[in-house]
Protein chains: 2
Amino acid sequence: MIVILLYLRSLNGKLMERLLQSVKININDKIYVKDPESSDLGKRIIEHSILMIHDMGFEAFTFKKLGVQIGSNESSIYRYFENKHKLLLYLASWYWGWLEYQLVFATNSIPNPEDKLASAIRILTRATEVDASFSHINEILLNKIVINEYSKSYLTKEVDQENKEGYFIIYKRLVNRIREMIQAVNSSYKYPASLASSILEGGLHQYFLIDHFSSMTDCNENLPPAEFFVDLVFKTLKKEYNG
Amino acid sequence: MIVILLYLRSLNGKLMERLLQSVKININDKIYVKDPESSDLGKRIIEHSILMIHDMGFEAFTFKKLGVQIGSNESSIYRYFENKHKLLLYLASWYWGWLEYQLVFATNSIPNPEDKLASAIRILTRATEVDASFSHINEILLNKIVINEYSKSYLTKEVDQENKEGYFIIYKRLVNRIREMIQAVNSSYKYPASLASSILEGGLHQYFLIDHFSSMTDCNENLPPAEFFVDLVFKTLKKEYNG
DNA sequence: CAAATATAATAGTATTACTATCATACCTTA
DNA sequence: TAAGGTATGATAGTAATACTATTATATTTG
């Protein structure tokens with residue numbers, strides 16, 4: 001493991017992509033009825049649900065429409081996911097798991113806590129710009145789906161039950177990783193968890209504002225949210241950072 | 001107007017409540033078909049929709065159920081609101097308008113920019129704890145509805161059209177007021193709008209985390225989100241604040 | 001080749017989110 | 001007080017949604 005991580009230290013973009021392709025993101029198996037990675041139909045469900053939710057939005061998306069699109073049957077899709085809510089939980093978990101891999105790989109070998117935190121913030125709040133071509137998954141569109149729909153996956157009456165069943169575990173682990181990095185930079189800071197959750201959730205929100213409410217943000221194509229958050233975090237932790 | 005505002009400077013809680021009761025919050029009349037404030041049925045629709053959305057969540061809430069609850073007819077409710085999405089927009093606008101009044105009244109007469117900003121942050125990120133008894137509107141429950149449902153009002157495919165029609169104008173005005181206060185404290189800060197939107201949106205989110213994902217926040221009953229945000233903002237603006 | 005498994009086809013149900021029409025009650029005002 | 005307008009209620013109906021159930025047909029595997 002150590003050998004691999006030392007090796008990864010110098011991975012460039014292309015190598016990283018290939019490595020990510022060979023990694024299977026581990027998702028709580030209570031989220032699905034049958035693992036969509038286990039069959040061709042399952043992969044087509046994932047592939048086209050991403051395209052369709054991005055196109056028409058989560059509300060208008062239905063299993064019936066998805067069935068028509070992939071030339072399959074509504075009832076067959078129900079054998080993979082109980083309902084579209086669970087499918088959204090699956091897509092979100094996949095996305096956060098994918099981000100987590102990038103985070104761990106990119107920051108694991110950085111010894112300096114400030115460099116590590118800055119790098120983490122940039123990875124977590126950057127726009128997904130390359131389709132790493134995880135075969136059937138379009139990460140660029142999935143990133144946009146998470147921006148527009150992720151909140152709906154937890155703003156429900158069932159959230160406590162679903163949390164207990166572990167449906168949000170990857171997201172929580174991600175927040176915890178940032179919290180630890182924040183504490184490594186400033187162990188006396190009082191709000192490391194709140195700051196960590198604000199980075200992830202606020203990152204999504206700033207992208208939404210750029211697209212729909214530009215008067216409520218200073219970010220744009222030339223001034224990405226990542227820079228706002230790096231500035232915010234390091235000023236808050238009272239550490240100058242000129243990285 | 002100036003006389004009134006000077007007078008308000010020393011308003012205590014009770015007086016404030018009474019004053020708020022006499023103010024009609026101005027909501028874009030495209031949001032409703034018929035003004036619910038204009039009739040008894042309209043007020044019952046608002047009153048019980050707040051109770052029911054709080055109880056069962058926005059997804060399970062329907063006009064049919066509301067009709068049964070208030071002893072009225074589904075079709076009569078449609079004469080006030082096109083659909084439940086518009087009703088949510090109405091409730092949210094009312095809430096933000098109500099908060100805006102509190103903000104303006106409480107901060108207008110504060111001359112010192114730091115005091116003003118700190119006071120604003122506290123007002124905007126505190127939990128609603130007293131029911132000011134705006135007759136039929138329960139502000140405590142409405143605050144909880146906004147925490148749990150507000151994002152759903154703009155995370156839609158219709159957001160740009162609805163924004164054009166002015167459905168989010170009160171919220172945007174609120175964010176703009178904070179932005180101006182931030183700039184008054186530090187005119188060279190690069191991200192006043194992003195910081196302002198983060199306070200409002202992040203404030204709601206931290207309350208959600210307290211209730212459902214306590215591991216992702218440091219806030220709780222003894223350490224309210226307001227303190228996290230005051231600390232965050234003043235450190236970011238590089239001004240010590242000991243108020 | 002038989003058995004198990006996956007998928008497809010079809011049908012059916014309760015609910016949702018409306019729209020339309022008509023009846024009735026009440027309130028005003030000439 | 002009669003006539004007309006407005007608000008609400010009652011009823012019916014529609015298309016779509018979100019499923020469940022059953023049976024049929026492929027496909028894979030042992």
Side-chain angles (χ1 to χ4, degrees), chain A residues 29-49 52-53 55-91 136 149 152-153 155-158 161-162, chain B residues 29-49 52-53 55-91 136 149 152-153 155-158 161-162:
Chain A
D29 60 16
K30 281 186 207 150
I31 289 185
Y32 48 75
V33 182
K34 178 180 173 175
D35 185 359
E37 289 296 319
S38 73
S39 75
D40 182 67
L41 178 61
K43 285 175 193 158
R44 274 188 298 140
I45 288 172
I46 299 305
E47 177 179 1
H48 289 273
S49 66
M52 291 178 76
I53 292 172
D55 267 2
M56 60 178 64
F58 187 66
E59 280 67 36
F61 169 78
T62 70
F63 280 3
K64 181 152 207 174
K65 290 175 189 169
L66 175 59
V68 171
Q69 191 73 18
I70 64 178
S72 178
N73 200 277
E74 195 188 3
S75 61
S76 301
I77 299 164
Y78 277 101
R79 287 203 193 83
Y80 285 84
F81 293 99
E82 274 178 63
N83 50 51
K84 68 176 179 173
H85 171 70
K86 289 283 181 79
L87 172 56
L88 180 60
L89 288 173
Y90 180 91
L91 294 178
H136 52 294
E149 321 287 359
K152 299 171 192 169
S153 77
L155 294 176
T156 68
K157 278 285 165 186
E158 296 77 34
Q161 180 58 35
E162 294 187 344
Chain B
D29 61 14
K30 282 186 208 150
I31 289 184
Y32 47 75
V33 182
K34 179 180 173 177
D35 185 357
E37 288 297 319
S38 71
S39 75
D40 181 66
L41 178 61
K43 285 174 193 158
R44 276 189 296 138
I45 288 172
I46 299 304
E47 179 180 0
H48 289 272
S49 65
M52 292 178 75
I53 292 173
D55 268 2
M56 60 179 64
F58 187 66
E59 279 70 36
F61 169 79
T62 70
F63 280 3
K64 181 151 208 177
K65 290 175 188 169
L66 176 59
V68 171
Q69 190 75 17
I70 64 180
S72 178
N73 200 278
E74 195 187 3
S75 61
S76 302
I77 299 164
Y78 276 103
R79 289 203 188 85
Y80 285 85
F81 294 99
E82 274 177 63
N83 48 52
K84 68 175 178 172
H85 171 71
K86 289 282 181 80
L87 172 56
L88 180 61
L89 288 173
Y90 179 91
L91 295 177
H136 52 294
E149 321 286 359
K152 299 171 192 169
S153 77
L155 294 178
T156 68
K157 279 284 164 184
E158 296 77 34
Q161 180 58 34
E162 294 186 346

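Lettering follows sequence order; numbering is per chain, from 1.
Between the side chains of B:Y80 and B:S39, at least one donor-acceptor pair of N or O atoms lies under 3.5 Å. Counted by atom type alone, B:H85 and A:E59 present zero donor-acceptor pairs between their side chains at under 3.5 Å.
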Given the rule in the salt bridge (Lys or Arg N to Asp or Glu O under 4.0 Å) test, do B:E47 and B:R44 qualify, once you have shown the distances and angles that lead to the verdict? CA-CA 5 Å; B:E47 179 180 0; B:R44 276 189 296 138; over 6 Å; no
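Within the 4.5 Å cutoff, the side chain of B:L91 has heavy atoms near those of the B:I53 side chain. A:M56 is not listed as a side-chain neighbour of B:K157, based on a closest heavy-atom distance of 4.5 Å or more. Proximity of B:V33 to B:R79: side-chain heavy atoms (C-beta onward) are nowhere separated by under 4.5 Å.
The bend of the helix from C:dC1-D:dG30 to C:dA30-D:dT1, defined by the angle between the axes of its first five and last five pairs, stands at 10° to the nearest 10°.
What separates CG of B:D40 from P of C:dA25 is a distance of 19 Å, to the nearest Å. In this structure, B:Y80 atom OH and D:dG9 atom C1' are separated by 13 Å, rounded to whole Å. Computed from coordinates, the A:K43 NZ to C:dT7 C1' distance equals 17 Å when rounded to whole Å. Taking atom OH of residue B:Y32 and atom C1' of nucleotide D:dA7, one finds them 17 Å apart after rounding to whole Å.
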Base, backbone or nothing for each nucleotide of nucleotides 8-21 of chain C, written B, S, -, heavy atoms under 4.0 angstrom, 5' to 3'? BBB-----SSBBB-
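Between A:F61 and A:F63, the two ring planes are perpendicular [angle over 60°; tilted spans 30° to 60°].
Side-chain atoms of A:K84 come within 3.5 Å of backbone N or O of A:F58 as a donor-acceptor pair.
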